[in-house]
Amino acid sequence: MAKMRKELKDSDTIITYGCSAHLLNLLSKDLENSSIKEHVVQIIKYFRNNHAANSLYKAEGGKALVLPSDIRWNTITDCFEVFVSEWQKLLKICEENRDVIDPVIRAKVENMVVKRSVEDYLITFESNICYIGYFTKK
């Protein structure tokens, strides 16, 4: 395999490159905003791991919250999509249960800069997300 790759690379008539989905995934990792990711992950971990917050979230009929994983492609996007779609429920829980929800988490959920940054990320990487999905499903 290595010899074939070397011979193809030395050829003037054949162009070789790696996996397109892998390249797009690496590009997404290079361009992601880690501070926004940290805020969203902290919110999601709180609502998944805190018994009171989790039961309030389930009572609102919330979807399963997704945590990003470095070894699974597109999970940061899945995490952000769920956060944006469920943000109204999270905000309602935080406002109606101020005594139960951690003030740090409540402040992060209420922070519109975090929400807008996540929405901007999703808009920016929408085409990249589609291409990764297209290449990995073949």
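For the pair Asn97 (side chain) and Val100 (backbone), a donor-acceptor distance under 3.5 Å is absent. In this structure, Thr75 contributes its side chain and Ser69 its backbone to a donor-acceptor pair below 3.5 Å. Under the 3.5 Å distance criterion, the side-chain polar atoms of Asn49 are matched with a main-chain donor or acceptor of Lys45.
Here the side chains of Leu67 and Cys79 are not in contact, with every heavy-atom distance at 4.5 Å or above. Looking at heavy atoms from C-beta onward, Ile105 lies in side-chain contact with Gln42 at the 4.5 angstrom threshold. With a 4.5 Å cut-off on side-chain heavy atoms, Phe47 and Asn54 do not count as touching. In this structure the side chain of Leu65 reaches within 4.5 angstrom of the side chain of Tyr57, judged on heavy atoms. Between Val118 and Trp87 there is no side-chain heavy-atom pair separated by less than 4.5 Å. At a threshold of 4.5 Å between non-hydrogen side-chain atoms, the residues Phe80 and Lys37 count as touching.
Interatomic distance, NZ of Lys89 versus SG of Cys94, reported as 14.5 Å (0.5 Å rounding). With rounding to the nearest 0.5 angstrom, the CZ atom of Arg116 is 11.0 Å from the CG atom of Asn111.
Of all heavy-atom pairs between Ile101 and Tyr46, the closest is CA-OH, 3.5 Å. Residues Ala64 and Val82 approach most closely at O-CG1, 3.6 Å, considering heavy atoms.
Put simply, Met112 and Ile93 are part of the same group of oily side chains (I, L, V, M, F, W, Y) that touch within less than 4.5 Å, one to the next.
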Given side-chain contact (heavy atoms from CB on, under 4.5 Å), test Glu38 with Val41 step by step and report yes or no. CA-CA 5 Å; Glu38 288 173 18; Val41 166; 5.8 Å; no

Would you check, one step at a time, whether the test side-chain contact (heavy atoms from CB on, under 4.5 Å) holds for Phe83 with Val66? CA-CA 8 Å; Phe83 175 75; Val66 178; over 6 Å; no

Going through the distances and angles, do Leu122 and Thr77 end up as a side-chain contact (heavy atoms from CB on, under 4.5 Å)? CA-CA 7 Å; Leu122 290 173; Thr77 304; 3.7 Å; yes

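For residues 97-107, every residue pair satisfying the salt bridge (Lys or Arg N to Asp or Glu O under 4.0 Å) rule, not counting sequence neighbours, is listed here: Arg98-Glu110. Pairs passing the salt bridge (Lys or Arg N to Asp or Glu O under 4.0 Å) check and including a residue from residues 48-68, sequence neighbours excluded, read Glu60-Lys92.
With sequence neighbours excluded, the residues satisfying side-chain hydrogen bond (donor to acceptor under 3.5 Å, both in side chains) with Lys115 are Glu119.
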